[in-house]
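This report refers to the structure that appears directly beneath it.
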Amino acid sequence: MGPSSDRDTTALRLAERLIQLLDRGGFTATYKYAVLVGLMDLCMERTGASGAPPEVVTTRQLAEKVIELYWPHCEPYPERGVLRQNASRRKTHAGKVDTQAEIIRHIQRFRDRLGASPGASVSLARARRLAGGDAYERLARTVEWKLIEYPLPRLQNIGREEERFLYQYYFTKETPKSAVDRYQSGEGHAFDNRLAFQPGVGAALVALNGVLRPLIHRSWALMVANVNGIEEPTLERFLFGVERASLEPVRPALRALQKNLCFYCGSRVPERCHVDHFIPWSRHADNGLDNLVAAHEDCNLRKSDYLADDGHVERWRERSELHASALRQIAHDHSWEVRPERTFGVARSIYHMLPEDARLWHARAEFVKIEKARITSALALAPAA
């Protein structure tokens, strides 16, 4: 059995266990979904030049991903307000009944302090942190502690037994908050924040992304729908739909960066052109500037959720490399996300997993066979932040 067969077998076994976890996990909040999607995202975003996913991620990295995932969920749902994501009820110090998940509540409070408008991205919070504010840092530390305290040491329970089939961790359910506080403040405490993937799991999570992500999103939406008593189809679009964040603020700048030309066909685009996600949103939710290109409506609609071919990938990498400073300036002007190391890590992870006979979108209804060596070379040279 070769490496490819081993990888396929690991992926199938992992998929079976995750389906069991989604069906039987005894969680009252939606944390298990956020953690699973966060782990998949980190595997994709931190894929190296060779196409290999990371062997280890940290609780801090996962906390920042969970904030990203829950961020749009903290906007009011029509006529409902911010939706509850916890099925249990608890009494507050004031004697009121609170049914909101704690992480959601902390993100909500931070958004309120920030004065975040509807549709504002989490990159605005990061931008303000870089400008000297420490509120985001406090939020990230709080979320990290909540993950350590509850879902991370319990996520791999199926029934009453824990089987560490996803990752190994090096703390216990009884780890005190004081120990985590000392580690977070840099006081040299021996707390170990690593989440070490079991052999083959990182690659399997990347390989299964296209199947697991919609399954997890649907299970997540069903739970929130049941807790709040609303119809699930509309809710899933609200929680995870691409239209949640408007791309309008950066459209003129992207169009100007491309000299008013469509990224795909090279002809002139109108002022109200489309903004396309080069790596499709259905594959990975990334609104970073490196992943956004100005395009004709027809090119955008025909490309849809397909992956672009070798030539497009090469020009995409060249655009980010040649215009890195311009992209950073656009990000600064609009408080937008620009993280090329993440965007191109995702691209490497997706293209690396494609079979040798995969066909990629070229133009209109034309598809061409992948040239993996050409794509691997292009993405190995992808720019860093």
Side-chain angles (χ1 to χ4, degrees), residues 27 29-48 53-71 74 85-86 90 100-111 113-114 122-123 125-157 162-199 201-202 205 337 339 341-342 345 385:
F27 285 69
T30 59
Y31 295 157
K32 65 178 177 181
Y33 305 120
V35 169
L36 287 172
V37 174
L39 291 174
M40 283 195 298
D41 281 353
L42 288 174
C43 284
M44 297 175 72
E45 294 167 5
R46 295 179 177 274
T47 290
E55 296 180 355
V56 175
V57 297
T58 67
T59 54
R60 172 57 187 244
Q61 291 165 351
L62 183 60
E64 296 212 32
K65 280 304 309 180
V66 167
I67 292 171
E68 279 185 41
L69 292 168
Y70 276 130
W71 184 266
C74 292
Q85 299 211 26
N86 189 356
R90 68 180 187 88
Q100 185 57 280
E102 285 194 71
I103 288 177
I104 290 275
R105 190 155 22 86
H106 285 291
I107 298 174
Q108 232 181 302
R109 289 174 181 169
F110 172 74
R111 285 180 61 112
R113 287 196 298 269
L114 186 69
V122 72
S123 59
R126 291 199 181 97
R128 294 195 179 180
R129 173 191 61 177
L130 295 175
D134 60 357
Y136 178 84
E137 179 63 25
R138 290 196 299 272
L139 173 65
R141 290 185 183 188
T142 298
V143 173
E144 183 181 20
W145 160 244
K146 290 300 174 185
L147 295 176
I148 292 166
E149 180 187 33
Y150 184 66
L152 285 174
R154 294 171 174 82
L155 179 68
Q156 299 171 103
N157 289 0
E162 181 187 29
E163 181 184 356
R164 299 188 184 184
F165 63 92
L166 272 173
Y167 54 82
Q168 180 64 264
Y169 59 92
Y170 305 96
F171 47 88
T172 69
K173 297 180 179 69
E174 290 74 37
T175 296
K177 186 175 186 299
S178 58
V180 177
D181 287 341
R182 291 196 295 275
Y183 136 73
Q184 290 177 332
S185 61
E187 294 180 14
H189 189 271
F191 177 80
D192 193 332
N193 69 351
R194 292 176 302 155
L195 302 172
F197 290 113
Q198 298 293 5
V201 163
L205 286 174
E337 198 83 76
R339 297 171 72 182
E341 76 288 353
R342 181 171 102 168

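Quick caveat: nothing in here was measured; it's all calculated off a predicted structure. Numbers here are sequence positions counted from 1.
With T58 contributing its side chain and Q61 its backbone, the two residues share a donor-acceptor pair below 3.5 Å. Judged by distance alone, the side chain of R113 and the main-chain N or O of A135 form no donor-acceptor pair under 3.5 Å. Within the 3.5 Å criterion, the main-chain N or O of Y150 finds a donor-acceptor partner in the side chain of R154. Checking side-chain atoms of Y167 against main-chain N and O of L39 turns up no donor-acceptor pair under 3.5 Å.
Between Y70 and Q108, the side chains place no donor N or O within less than 3.5 Å of an acceptor N or O (distance only, hydrogens not considered). Remark: the Y183 side chain and the E144 side chain contain an N/O donor-acceptor pair separated by less than 3.5 Å.
Of the charged side-chain nitrogens involved, at least one lies within less than 4.0 Å of a carboxylate oxygen, so that E68 and R342 count as a salt-bridged pair. Salt bridge present: E137 and R60 bring a charged side-chain N and a carboxylate O closer than 4.0 Å. Comment: E45 does not engage R339 in a salt bridge, judged by the lack of any side-chain N to carboxylate O separation of less than 4.0 angstrom.
Closest heavy-atom contact between G202 and P53: C-CG, 3.6 Å. Across P54 and T47, no two heavy atoms sit closer than the pair CD-N, 4.3 Å. The two residues R141 and S185 have their closest heavy-atom pair at NH1-CA, 4.0 Å. Residue I104 comes nearest to C74 through the heavy atom pair O-SG, 3.8 Å, listed as atom of the first residue, atom of the second, then distance. Contact between A63 and A140 at its shortest, heavy atoms only, is CB-O, 3.9 Å.
The side-chain heavy atoms of L62 and L42, taken from C-beta on, include a pair separated by under 4.5 Å. Counting heavy atoms from C-beta outward, I107 and V66 have side chains that stay 4.5 Å or more apart. Using a 4.5 Å heavy-atom cutoff, the side chains of Y169 and L152 are not in contact. Inter-residue side-chain proximity for L205 and F197 is flagged as met; some heavy-atom pair is nearer than 4.5 Å. Contact of the F191 side chain with the I148 side chain is registered, since non-hydrogen atoms from C-beta on lie closer than 4.5 Å. Under the 4.5 Å side-chain criterion, counting only non-hydrogen atoms from C-beta, L147 is in contact with I103. Considering only heavy atoms from C-beta on, R111 comes within 4.5 Å of W71 through its side chain. Side-chain contact check for K173 versus E162: some heavy-atom pair is nearer than 4.5 Å.
With sequence neighbours left out, the side chain to side chain donor-acceptor pair (under 3.5 Å) criterion links Q168 to R164.
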Give the intermediate values and the outcome of side-chain contact (heavy atoms from CB on, under 4.5 Å) for residues Y136 and E64. CA-CA 10 Å; Y136 178 84; E64 296 212 32; 3.0 Å; yes
Audit row: F171, V180, side-chain contact (heavy atoms from CB on, under 4.5 Å) steps and yes/no: CA-CA 10 Å; F171 47 88; V180 177; over 6 Å; no
Yes or no on side-chain contact (heavy atoms from CB on, under 4.5 Å) for Q198 and F165, after CA distance, side-chain angles and deciding distance? CA-CA 6 Å; Q198 298 293 5; F165 63 92; 5.7 Å; no
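Here W145 contributes atom CH2 and D181 contributes atom CG; the two are 8.0 Å apart, rounded to the nearest 0.5 Å. Within the model, atoms CG of L195 and CG of L166 stand 10.0 Å from one another, a figure rounded to the nearest 0.5 Å. One distance of note links OG1 of T59 with CZ of R194; it measures 11.5 Å at 0.5 Å rounding. Taking OH of Y31 as the start and CG of N86 as the end, the distance is 6.5 Å to the nearest 0.5 Å.
Heavy-atom neighbours of E163 CD from other residues, nucleotides or ligands within 6.0 Å: above the threshold of 12.
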